[in-house]
Amino acid sequence: MNSFSFNHLSYIFACHFGYGLLNLSSLSLIIVFLFILIRFPMISTVASTEVMVSNASSSFDPEDGSNYDSANDMKAFDETKGGVKGLADSGLIKIPRFFVHPPEKPQQPPSKSSNINLQVPIINFEGFESSRRKDVVNEIRRASENWGLFQVVNHGIPENVMDDMLEGVKRFHEQPQEVKTEFYTRDADQRVKFFTGALLLTKEPAIWRDTVAFDFKDGKLDPQLFPAIMREEVGEYFRHVTKTGKALSELLSEALGLRRNYLSSIECMETESLVGHYYPACPQPELTFGTTTHSDPSFLTILLQDNKGGLQVLHQNQWVDVPPLQGALLVNIGDLMQLITNDRFRSVEHRVLAGEVGPRISLASFFFPSTANTFKPYGVIQELLSDDTPIYRATHLAEFMGQYMSTGSYISTLSHFKVSSGQDCSSTEDTDH
């Protein structure tokens with residue numbers, strides 16, 4: 001059995017949700033690493049090749065319906081440091097086999113949106129700080145209970161700031177390869193990173209996506225670390241989206257029937273990770289995905305997307321398109337929010353289809369607990385229980401993320417934390433009296 005290094009574990013986390021867990025001190029990361037290896041020993045069986053690809057990793061071959069060993073191909077691809085865009089720029093007409101996903105299983109919903117009557121809720125935030133606050137809170141409650149996500153308009157972030165941010169992400173990814181490779185790394189201590197979606201869990205096919213990620217520990221990151229080509233845009237957008245996150249924290253608290261500052265008092269949305277995705281045009285989009293089916297492990301995610309489309313959410317066992325809406329932000333509930341609200345608010349499974357037209361640009365902001373609360377237990381909020389019993393036991397970020405990474409795609413992480421008979425299920429208490 002090959003050894004499994006600390007940097008490899010960190011990078012695997014990063015490739016899945018944009019370095020959100022890496023918002024920790026080096027000491028905390030080491031503790032998390034040791035905890036996960038003890039709690040989830042199956043992770044230690046992953047081989048520590050230079051690009052974290054197992055000798056047993058495989059991908060589907062559409063020509064003969066067989067599997068093949070993708071490790072060497074993935075290693076060679078990673079060493080180019082050119083990302084998926086480098087492949088797209090080469091003029092290829094067939095995607096490499098390690099990007100090919102098996103045909104959808106019969107029990108999975110069809111890829112294309114099948115119900116045009118289903119529409120993701122759109123909430124107008126105009127007046128949310130005054131006359132319309134009650135209406136906005138009620139709309140957020142309904143959307144969070146029934147959909148797990150909603151689009152927001154008139155949220156306060158100027159359109160030019162959003163447009164500039166998307167353009168900044170695009171400029172970064174479209175730089176000459178030799179410039180971008182300065183940021184291409186698997187070093188967990190690097191807080192600004194460029195990587196490709198090819199490096200996911202070793203047994204899964206690659207995805208058609210490149211990413212630049214910014215690790216804001218408790219909201220702090222030296223702007224001099226930002227790529228010069230998007231430095232001003234990142235700083236400006238971060239200031240605005242952080243303010244929007246705080247407003248949403250208050251509105252979600254009220255939507256749960258709690259005091260306005262409840263979620264901020266438990267410090268569950270204090271650390272933020274910005275992740276800029278670039279989905280190049282794909283010559284065979286029917287064979288791969290931009291992002292595979294998943295729900296976010298965060299408490300909350302705020303997504304900014306361009307006008308290309310491709311994002312789908314799973315609702316009533318049907319894939320529903322999320323059409324771009326000029327000036328809007330998409331807000332989705334994360335797994336940890338579903339856990340502490342005892343299923344009152346629901347996280348949502350979503351994915352991004354690869355497309356013949358591109359690039360598609362998006363920017364996700366993931367909200368996690370503060371670095372000081374990596375091992376703080378988060379359970380069902382006591383005030384929400386009344387006559388209900390807790391569905392989930394309490395957990396901390398390190399344990400939850402360890403389970404998230406060991407579970408793999410298409411399987412709910414939350415099910416692992418459901419309460420069994422006689423199990424201790426300590427709740428999250430309001431400590432601000």
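The residues of the chain are indexed from 1 along the displayed sequence.
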Residues forming a side-chain hydrogen bond (donor to acceptor under 3.5 Å, both in side chains) with [X], sequence neighbours excluded:
{"X": "N332", "result": "D296"}
{"X": "R141", "result": "N138"}
{"X": "Q338", "result": "D343, S347, Y392"}
{"X": "K246", "result": "none"}

Notebook entry, point to check: Under 30°, 30 to 60°, or over 60°: which ring-plane class applies to F400 and F417, parallel, tilted or perpendicular?
Noted result: parallel
Checklist line | Aromatic ring pairing F98/F77, orientation class (parallel under 30°, perpendicular over 60°, tilted between) | finding: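 Geometry flag for F77 against F98: tilted rings.
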Next item on the list: Check whether more than 12 heavy atoms from other residues, nucleotides or ligands sit under 6.0 Å from atom CD of E159, and answer yes or no.
Entry: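 Above 12, so yes.
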Notebook entry, point to check: Does NZ in K81 sit with more than 12 non-hydrogen atoms of other residues, nucleotides or ligands closer than 6.0 Å?
Noted result: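 Incorrect, the count does not exceed 12.
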Item checked: Sequence neighbours excluded, every pair satisfying ring pair (Phe, Tyr, Trp, His ring centres under 6.0 Å) that has a member inside residues 125-163 ->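 Only F125-F128, W147-H315 qualify under ring pair (Phe, Tyr, Trp, His ring centres under 6.0 Å).
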How about [X] and [Y]: do any of their side-chain heavy atoms sit closer than 4.5 Å?
{"X": "L330", "Y": "L311", "result": "yes"}
{"X": "S362", "Y": "R360", "result": "yes"}
{"X": "S365", "Y": "F238", "result": "no"}
{"X": "F99", "Y": "V84", "result": "yes"}
{"X": "I95", "Y": "T288", "result": "yes"}
{"X": "M230", "Y": "E167", "result": "no"}
{"X": "Q305", "Y": "I361", "result": "no"}
{"X": "S295", "Y": "V348", "result": "no"}

Please check this pair: side chain of [X] against backbone of [Y], looking for a donor-acceptor N/O pair closer than 3.5 Å.
{"X": "K85", "Y": "H173", "value": "no"}
{"X": "K217", "Y": "E272", "value": "no"}
{"X": "D321", "Y": "P323", "value": "no"}
{"X": "H101", "Y": "A206", "value": "yes"}

Next item on the list: Give me the one residue out of L363, L303, T244, L248 that meets side chain to side chain contact (heavy atoms under 4.5 Å, CB included) with L329.
Entry: T244
Looking only at heavy atoms, which two atoms of [X] and [Y] are closest? And how far apart?
{"X": "V331", "Y": "L300", "answer": "CG1-CD1, 3.8 Å"}
{"X": "P285", "Y": "E356", "answer": "CG-CG, 3.4 Å"}
{"X": "L92", "Y": "L87", "answer": "CD2-O, 2.9 Å"}
{"X": "I140", "Y": "L252", "answer": "CG2-CD2, 3.7 Å"}

Note to self: Restricting to salt bridge (charged side-chain N to carboxylate O under 4.0 Å, His left out), what partner residues turn up for K220, sequence neighbours left out?
What the structure shows: none
Donor on one side chain, acceptor on other, [X] and [Y], under 3.5 Å:
{"X": "T413", "Y": "D335", "result": "no"}
{"X": "T291", "Y": "R209", "result": "yes"}
{"X": "D218", "Y": "S370", "result": "no"}
{"X": "D78", "Y": "Y184", "result": "yes"}

[X]: what forms a side chain to side chain contact (heavy atoms under 4.5 Å, CB included) with it, not counting sequence neighbours?
{"X": "E178", "result": "P176"}
{"X": "S249", "result": "L263, S264, M269"}
{"X": "R344", "result": "E145, L256, T341, L384"}

Please report the interatomic distance [atom1]([X]) to [atom2]([Y]), rounded to the nearest 0.5 Å.
{"X": "T293", "Y": "E349", "atom1": "OG1", "atom2": "CD", "result": "6.5 Å"}
{"X": "N373", "Y": "T271", "atom1": "CG", "atom2": "OG1", "result": "9.0 Å"}
{"X": "T371", "Y": "E267", "atom1": "OG1", "atom2": "CD", "result": "9.5 Å"}
{"X": "D163", "Y": "L304", "atom1": "CG", "atom2": "CG", "result": "8.0 Å"}
{"X": "Q119", "Y": "Q151", "atom1": "CD", "atom2": "CD", "result": "8.5 Å"}
{"X": "W208", "Y": "F289", "atom1": "CH2", "atom2": "CZ", "result": "14.5 Å"}

Notebook entry, point to check: Can you list every salt bridge (Lys or Arg N to Asp or Glu O under 4.0 Å) pair that touches residues 125-134, not counting sequence neighbours?
Noted result: R132-E139, R133-E250, R133-E254
Margin query: By the salt bridge (Lys or Arg N to Asp or Glu O under 4.0 Å) test, which pairs, at least two apart or in different chains, include something from residues 229-238?
Written below: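 Sorted pair list: R171-E233, E236-R239.
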Check: Looking at residues at least two apart in the chain, or sitting in another chain, which of them share a ring-ring contact (aromatic ring centres under 6.0 Å, His included) with F367?
Finding: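 For F367 there are no ring-ring contact (aromatic ring centres under 6.0 Å, His included) partners, ignoring immediate neighbours.
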Next item on the list: Walk me through it: do C268 and Y378 pass the test side-chain contact (heavy atoms from CB on, under 4.5 Å)?
Entry: CA-CA 9 Å; C268 63; Y378 285 97; 4.0 Å; yes
Margin query: Is it the case that the ring center of F194 lies less than 6.0 angstrom away from the ring center of F172?
Written below: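 Distance test on ring centres: under 6.0 Å, yes.
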Note to self: Aromatic contact between F368 and F299, with the criterion being ring centroids under 6.0 Å apart: yes or no?
What the structure shows: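 Not close enough - the centres of the two rings lie 6.0 Å or further apart.
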Checklist line | side-chain contact (heavy atoms from CB on, under 4.5 Å) between L149 and V313, worked out | finding: CA-CA 9 Å; L149 83 165; V313 298; 3.5 Å; yes
Next item on the list: For V192 and L221, run side-chain contact (heavy atoms from CB on, under 4.5 Å): C-alpha distance rounded to whole Å, both residues' side-chain angles, the deciding distance at 0.1 Å, then the answer.
Entry: CA-CA 9 Å; V192 178; L221 182 59; 4.1 Å; yes
Notebook entry, point to check: Please walk me through it: do R351 and H294 pass side-chain contact (heavy atoms from CB on, under 4.5 Å)?
Noted result: CA-CA 7 Å; R351 66 185 183 186; H294 69 288; 5.6 Å; no
Item checked: Y237, F214, F183 screened by ring pair (Phe, Tyr, Trp, His ring centres under 6.0 Å) with F226, the one that passes -> F214
